[in-house]
Amino acid sequence: MRVVLAGAPGAGKGTQAKFIAKHYGIPQISTGDIFRANIAAQTELGKEAKRFMDAGDLVPDEVTIGIVRDRLAQDDARAGFLLDGFPRTVHQAVALNKTLSELGTPLDVVLELQIEDDEVVRRLSGRRTCRKCGHVWHVEFDPPAQEGVCDVCGSELFQRDDDLPETIRRRIEVYNEQTAPLVGFYTAAGLLRGITAQGPVDEITERAIETLKTAADD
Ligand code: AMP
């Protein structure tokens, strides 16, 4: 299964990506996670990415495309992969097609998680992430037993800089301008399948897996 998980910020890509990747036994390749790991490790890449991320802007294509190309060439991606948060521009999508055709592993499906704009703001502004294990909580929809503390590992929760209100607005703008055109791009390629990403998490996972199964059989 070679799949791209698409959708606006806050649609739940990260959450669903984990379940889907586990279900198929494939690596989850998240460019956002790769950037955040580099920020935590204070690498040059991390320093460069942080400037763009904190502003709610996209990290430049030259940087992002190279990272994904290297990651897809690793052995564990031969049997399949789930891309989460990449591509985010048509230029990235074209580069991805090129890389995958060189590797002889074309995409099977692009699954779009669909969500309404005001729901995006509610979800992102309440999101809290564990510093240690990375588990994502939500102050309203999925609060931990004790405020600010992770139930999984007991560590401190924090709010991502890019989940602050001004940055959220900018991220939605960037999504509409630069990423939304991918829907047309992948529809034209016959790869796009959309599902509603509102409602209980496990129901969305079921819908996602059912849709992927049907798409893979087509
Ligand atoms: P995410 O965790 O997917 O919401 O990504 C967080 C931030 O990382 C985004 O707002 C961008 O600044 C940056 N980022 C992640 N993926 C990409 C990408 N494919 N292209 C450019 N920037 C990205």
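Just follow the structure's listing: the first ligand is 1, and inside any ligand the first atom is 1. Just so it is clear, the model here is predicted, and its values are computed rather than measured.
By the 4.0 Å N-to-carboxylate-O rule, Asp57 lies too far from Arg51 to be salt-bridged with it. Using a 4.0 Å cut-off between a side-chain N of Lys or Arg and a carboxylate O of Asp or Glu, Glu210 and Arg207 do not qualify as a salt bridge.
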Enumerate, atom names and distances included, each donor-acceptor pair closer than 3.5 Å involving a side-chain atom of residues 81-92, sequence neighbours excluded.
residue: Asp84; atom: OD2; partner: Gln28; partner atom: NE2; Å: 2.9
residue: Arg88; atom: NH1; partner: Gly85; partner atom: O; Å: 2.9
residue: Thr89; atom: OG1; partner: Asp61; partner atom: OD1; Å: 3.3
residue: Thr89; atom: OG1; partner: Asp61; partner atom: OD2; Å: 3.2
residue: Thr89; atom: OG1; partner: Gln92; partner atom: N; Å: 3.0
residue: His91; atom: ND1; partner: Asp61; partner atom: OD2; Å: 3.1
residue: Gln92; atom: OE1; partner: Arg88; partner atom: N; Å: 2.7
residue: Gln92; atom: NE2; partner: Asp61; partner atom: OD1; Å: 2.8

Anything under 3.5 Å between a donor and an acceptor, one on a side chain of residues 190-200, the other on a protein residue two or more places apart or in another chain? List them.
residue: Arg193; atom: NH2; partner: Asp218; partner atom: OD2; Å: 3.0
residue: Gln198; atom: OE1; partner: Glu116; partner atom: N; Å: 3.0

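Taking the ring-ring contact (aromatic ring centres under 6.0 Å, His included) definition, one finds that His138 meets it with Phe141, sequence neighbours left out.
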Between the protein and ligand 1, which nitrogen or oxygen pairs come in under 3.5 Å, and how far apart is each?
residue: ligand 1; atom: 2 (O); partner: Arg36; partner atom: NH1; Å: 2.9
residue: ligand 1; atom: 2 (O); partner: Arg36; partner atom: NH2; Å: 2.9
residue: ligand 1; atom: 2 (O); partner: Arg160; partner atom: NH2; Å: 3.3
residue: ligand 1; atom: 3 (O); partner: Arg88; partner atom: NH1; Å: 3.0
residue: ligand 1; atom: 3 (O); partner: Arg88; partner atom: NH2; Å: 3.2
residue: ligand 1; atom: 4 (O); partner: Arg88; partner atom: NH2; Å: 3.2
residue: ligand 1; atom: 4 (O); partner: Arg160; partner atom: NH2; Å: 3.4
residue: ligand 1; atom: 4 (O); partner: Arg171; partner atom: NH2; Å: 3.2
residue: ligand 1; atom: 12 (O); partner: Asp57; partner atom: O; Å: 2.6
residue: ligand 1; atom: 16 (N); partner: Thr31; partner atom: OG1; Å: 2.7
residue: ligand 1; atom: 16 (N); partner: Gly85; partner atom: O; Å: 3.3
residue: ligand 1; atom: 16 (N); partner: Arg88; partner atom: NH1; Å: 3.0
residue: ligand 1; atom: 19 (N); partner: Gly85; partner atom: O; Å: 2.9
residue: ligand 1; atom: 19 (N); partner: Gln92; partner atom: OE1; Å: 3.1
residue: ligand 1; atom: 20 (N); partner: Gln92; partner atom: NE2; Å: 2.9
residue: ligand 1; atom: 22 (N); partner: Val59; partner atom: N; Å: 3.0

query: Please walk me through it: do Thr99 and Val68 pass side chain to side chain contact (heavy atoms under 4.5 Å, CB included)?
result: CA-CA 9 Å; Thr99 300; Val68 175; over 6 Å; no
